[in-house]
Amino acid sequence: MTAPVNRQPASGRNTALSPTRRQALAAALLSPLAARPAAARQPPRFAGPSSQFIQIDPPEDAGSLVITDLSGKTRPLSAYRGKAVLLNFWASWCPPCRRELPILRRLQAKTAREPFVVVPVSLDKSVATVRAYLDRLGLADLATFIDAEGTVASGPKSAKPTPFPLYGMPMTYMLDREARSVGYPVGEADWTSPEGLELLRFYGRASG
């Protein structure tokens, strides 16, 4: 039980704080906040039409995972350390993905000046399908990867668990500067909105 607070000042005691004591007290109260690392702060709120951004606590290391581009070259996610990663899973058979892909392309075009990168990953089964689909949408210049074997991400009906479980499509995982998975929203989202950019920049600048 919390002890009752004596609200009556002790006899003869000067209860007023001098400016110096006020400053010292303020510094003592604020110093724990100032000492907290950026990564310990709560990220800004962000939500799409289907869900809001959900934090993963504690973050999960993803740096050892390898993804494959459309030319067959592989790249570990650790190659992006130092920047936040928007890791977006999409597919040609997903209608909401079609609406989100142009957003990802616009975002990719500005990442050279930003502390984050955009890494789309198709779940289609062939490179030819992906190329034809993007060409049809006028998005042939979208740099994307492919997870044709379903070894990186998969839905709840998959026979084998994967590093990135999917609860809907599209689905985007956020990786921090240390290549750790820190959160996700399910469904399409406008990552070029002020709120989306704020979240990306938060993780792109926060240090662990």
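The shown structure was predicted, so the numbers you read here are calculated from the model rather than taken from an experiment.
- Shortest non-hydrogen contact noted between Tyr203 and Pro43 is OH-CG, 3.4 Å.
- The minimum heavy-atom distance between Val127 and Leu70, with the atom names listed, is CG1-O, 3.5 Å.
- Hydrophobic clustering, with ILVMFWY side chains joined whenever heavy atoms are under 4.5 angstrom apart, keeps Leu199 apart from Val119.
- Within the structure, the ring-ring contact (aromatic ring centres under 6.0 Å, His included) test picks out no pair touching residues 56-77 (sequence neighbours left out).
- Cluster annotation: Phe145 and Trp93 are assigned to the same hydrophobic cluster (Ile/Leu/Val/Met/Phe/Trp/Tyr, side-chain heavy-atom contacts under 4.5 Å, transitive).
- Looking at residues two or more places apart in sequence or on another chain, you find a side-chain hydrogen bond (donor to acceptor under 3.5 Å, both in side chains) between Gln52 and Arg45.
- Here Phe116 contributes atom CZ and Trp191 contributes atom CH2; the two are 10.0 Å apart, rounded to the nearest 0.5 Å.
- Applying the disulfide (SG to SG under 2.5 Å) test to every pair with at least one member in residues 147-198, sequence neighbours left out, gives no pairs at all.
- Between atom CD1 of residue Ile56 and atom OG of residue Ser181 there is a gap of 3.5 Å, rounded to the nearest 0.5 Å.
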Discussion item. Could you go through Val152 and Val66, starting from their C-alpha distance and side-chain angles, then the distance that decides it, and tell me whether this counts as side-chain contact (heavy atoms from CB on, under 4.5 Å)?
Written reply: CA-CA 8 Å; Val152 177; Val66 175; over 6 Å; no
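- For Thr151, the side chain to side chain contact (heavy atoms under 4.5 Å, CB included) partners at least two apart in sequence or on another chain are Asp147, Glu149.
- With sequence neighbours left out, Arg131 forms a side-chain hydrogen bond (donor to acceptor under 3.5 Å, both in side chains) with no residue at all.
- The salt bridge (Lys or Arg N to Asp or Glu O under 4.0 Å) analysis of residues 72-100, with sequence neighbours excluded, yields the pairs Asp61-Arg81, Arg99-Glu188.
- Nearest approach of Ile103 to Ala189, heavy atoms of both residues: CD1-O, 3.9 Å.
- Shown here are the ring pair (Phe, Tyr, Trp, His ring centres under 6.0 Å) partners of Tyr184, two or more places apart in sequence or in another chain: Tyr167, Tyr173.
- With sequence neighbours left out, Lys110 forms a side chain to side chain contact (heavy atoms under 4.5 Å, CB included) with Leu107, Arg113, Glu114, Leu197.
- The side chain to side chain donor-acceptor pair (under 3.5 Å) contacts involving residues 62-71 comprise Asp69-Ser71, where partners must be two or more places apart or lie in separate chains.
- In terms of heavy-atom proximity, Ser158 sits nearest to Lys160 at OG-O, 2.8 Å.
- Leu137 and Met169 fall into different hydrophobic clusters, where Ile, Leu, Val, Met, Phe, Trp and Tyr residues are linked whenever their side-chain heavy atoms come under 4.5 Å apart, directly or through other members.
- For the pair Leu87/Val121, a side-chain contact is recorded, criterion being any heavy-atom separation below 4.5 Å from C-beta on.
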Practice prompt. For the pair Leu77 and Leu65, evaluate side-chain contact (heavy atoms from CB on, under 4.5 Å) and give the outcome as yes or no after the intermediate values.
Written response: CA-CA 6 Å; Leu77 290 176; Leu65 298 177; 4.0 Å; yes
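- The side-chain hydrogen bond (donor to acceptor under 3.5 Å, both in side chains) search around Thr111 returns none, not counting sequence neighbours.
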Item to complete: Show your working on side-chain contact (heavy atoms from CB on, under 4.5 Å) between Leu86 and Leu200 and close with a plain yes or no.
Response: CA-CA 8 Å; Leu86 187 153; Leu200 286 162; 3.8 Å; yes
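- Using modelled atom types, one side-chain atom of Thr144 and one backbone atom of Pro120 make a donor-acceptor pair closer than 3.5 Å.
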Practice prompt. Using the ring-ring contact (aromatic ring centres under 6.0 Å, His included) rule, take Phe164 and Phe89 through it: C-alpha gap first, then chi angles, then the decisive distance, then the call.
Written response: CA-CA 9 Å; Phe164 293 102; Phe89 294 100; 5.7 Å; yes
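- Applying side-chain contact (heavy atoms from CB on, under 4.5 Å) to Val85 and the options Thr172, Val182, Val117 leaves one that passes, Val117.
- Separation of atoms CG (Leu134) and OG (Ser92) is listed at 9.0 Å; rounding is to 0.5 Å.
- The two residues Pro170 and Pro96 come nearest to each other via the heavy atoms CD-CB, 3.6 Å.
- Using a 3.5 Å distance cut-off with no hydrogens or angles, the side chains of Asp124 and Thr129 do not pair a donor with an acceptor.
- Applying the side chain to side chain contact (heavy atoms under 4.5 Å, CB included) test to Ser193 and every residue at least two apart in sequence or in another chain returns Phe46, Asp190, Glu195.
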Worksheet item: So Met174 and Phe53, side-chain contact (heavy atoms from CB on, under 4.5 Å) or not? Walk me through it.
Response: CA-CA 9 Å; Met174 183 76 68; Phe53 180 79; 3.9 Å; yes
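- In this view, Thr162 and Ser154 satisfy the side-chain hydrogen bond (donor to acceptor under 3.5 Å, both in side chains) rule, not counting sequence neighbours.
- A distance of 9.5 Å separates CG in Leu104 from CG in Leu139, rounded to the nearest 0.5 Å.
- Minimum interatomic distance between Gln108 and Asp141 (heavy atoms only, all atoms of both residues): OE1-O, 4.4 Å.
- Put simply, the side chain of Leu166 reaches to within 4.5 Å of the side chain of Leu123, judged on heavy atoms.
- The cluster map of Ile, Leu, Val, Met, Phe, Trp and Tyr, joined by side-chain heavy atoms under 4.5 Å apart, puts Val118 and Met171 in different clusters.
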